[in-house]
Amino acid sequence: MTPVPPISFNRSSLQGRELEYIFQTISAGQIAGDQTFSKKCHALLEDVLGVQKALVTTSCTHALEMAAILLDIQDGDEVIVPSFTFVSTPNAFVMRGARPVFCDVRPDTLNLDESKLEALITPRTKAIVPVHYAGVACEMDEILRIGAKHGVAVVEDNAHGLFGKYRGRWLGTLGCMATQSFHETKNITCGEGGALLINDSRFCERAEIIREKGTNRARFFRGQVDKYSWVDIGSSYVMSDVLAAFLYGQLEVWRQIQEKRRVIWGCYHQHLSEWCAQHDIRQPLVPAHCDQAYHMYYLLLPSLEVRTALIQHLKARGILAVFHYLPLHLSEYALRWGGRRGDCPVTENVSERLLRLPLFNSITEEQQHEVVEGVRSFAV
Ligand SMILES: *Cc1c(COP(=O)(O)O)cnc(C)c1O
């Protein structure tokens, strides 16, 4: 028997004219930031989503750091984040001196539980940072209502949700700002990269300055000032145009990419539904008012033991399935804020039971069916 090549959990691939565009940037001798392809990425995101301003950055983490600076986060401020997220969601604010306040997630969508949000607000709360987990929208009407009522900014960590919608509105356009990731593991990628989306024009000019090391270089390039100088704090958050060229090659075919992922997601969902129902395994839940971004396919298994066994079973068949976030409130670093088991029971529970199946733009139909067969041949 010829050995079947393993199916990785994620694998990036060319989706369009990435290489041609990279060659163009290099041939033009313009590989620093904010050249032709960065501008094309900005224009595409602004046009499609209808945001005031889009700025590509070195990562989503850096876009979150920019948001924290723009909101003037200071020592002692509090920022509410879901406990079930990536470390950067709170860390970008913690770097400015904030204390993270962890909110539990809803058992259905695994998104920040808006019914538990208001109780966590104090006079020190400066921001709420919901994450659209797996690309399925949070209950933004309620989160925005609570934010507005208490004068607290809402920043969407939209790393999973680009081109998803909530009640017909694009994710990333609902908070005063939103952050995107173009890391290799995301739907659309350039290896490492991100973007800050700005929906409140008050932040536009300062965002350009913070992104350019605290200088007004962007205004200088537009001829609005005759020299540029140091005007604020900031850092080096500008993406190289080589990466922006790769990114634009993917962004311009975003519809095809999302369509491919919709089909893959649908294949898993359909072909695993009977098996899941028989074994009391929960499939992802997408509310009718959410157009999801097809970032991820996960299963919620009955227990940690079953999940561990299924990971092993799939691994033996050459399929890499992986778990996801560990509860942040119980992480080594967060214990300084007194996190305890039981603070976010849903996060603690799902974190042990969730398994993500391979989902990437170039996974073949045959591989998808191998994954389905791999799961269905597991004796729960
Ligand atoms: C991937 C991810 C990030 C970080 O993205 P980078 O571009 O790697 O900095 C932040 N938040 C969430 C929810 C993510 O999934």
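Both counts, for ligands and for their atoms, begin at 1 and track the order of listing. Keep in mind it's a predicted model, so treat the numbers as computed, not measured.
Using bins of under 30°, 30° to 60° and over 60° for the plane-to-plane angle, the ring pair H289/Y166 lands in the perpendicular bin. Using cut-offs of 30° and 60° on the angle between ring planes, the pair Y228 and F221 is tilted. Classification of the W275-H279 ring pair by plane angle, with boundaries at 30° and 60°, yields tilted. The aromatic rings of F84 and Y325 sit perpendicular, their planes meeting at an angle over 60°, well past the 30° parallel limit.
The closest side-chain heavy-atom distance from L174 to V154 is not below 4.5 Å.
From the protein, the heavy atom lying nearest to atom 1 (C) of ligand 1 is K186 NZ, 1.7 Å. The shortest contact between atom 11 (N) of ligand 1 and any protein heavy atom is with D157 OD2, 2.8 Å. With hydrogens left out, the protein atom closest to atom 3 (C) of ligand 1 is F86 CD2, 3.6 Å, a heavy atom.
An N or O contact shorter than 3.5 Å links H160 to ligand 1 by distance. The shortest N or O to N or O distance between T61 and ligand 1 is under 3.5 Å. The shortest N or O to N or O distance between T185 and ligand 1 is not below 3.5 Å. At under 3.5 Å, not a single nitrogen or oxygen of S88, backbone or side chain, sits near a nitrogen or oxygen of ligand 1. Between C60 and ligand 1, at least one N/O pair is under 3.5 Å apart.
Taking a cutoff of 4.0 Å between a charged side-chain nitrogen and a carboxylate oxygen, R106 and E114 qualify as a salt bridge. By the 4.0 Å N-to-carboxylate-O rule, D141 lies close enough to R167 to be salt-bridged with it. Using a 4.0 Å cut-off between a side-chain N of Lys or Arg and a carboxylate O of Asp or Glu, D77 and R99 do not qualify as a salt bridge.
For A63, the closest heavy-atom approach to ligand 1 does not fall below 4.0 Å. Residue contacts with ligand 1 leave out H62, since none of its heavy atoms falls under 4.0 Å from the ligand. Under a 4.0 Å heavy-atom criterion, F84 is not in contact with ligand 1.
Residue contacts with ligand 1, taken as heavy atom pairs separated by less than 4.0 Å, do not involve Y133 at all.
Hydrophobic clustering, with ILVMFWY side chains joined whenever heavy atoms are under 4.5 angstrom apart, keeps M95 apart from I80.
Ligand-side atoms of ligand 1 in range of V131: 13 (C), range being under 4.0 angstrom from any heavy atom. Counting the atoms of ligand 1 from 1 in the order shown, those under 4.0 Å from a heavy atom of T85 are 13 (C). Less than 4.0 angstrom separates some heavy atom of A159 from each of these atoms of ligand 1: 2 (C), 11 (N), 12 (C), 13 (C), 14 (C), 15 (O). Heavy-atom contacts of G193 reach the following atoms of ligand 1: 7 (O) (cutoff under 4.0 Å).
Checking N187 against Q258 by side-chain atom types alone, a donor-acceptor pair falls below 3.5 Å.
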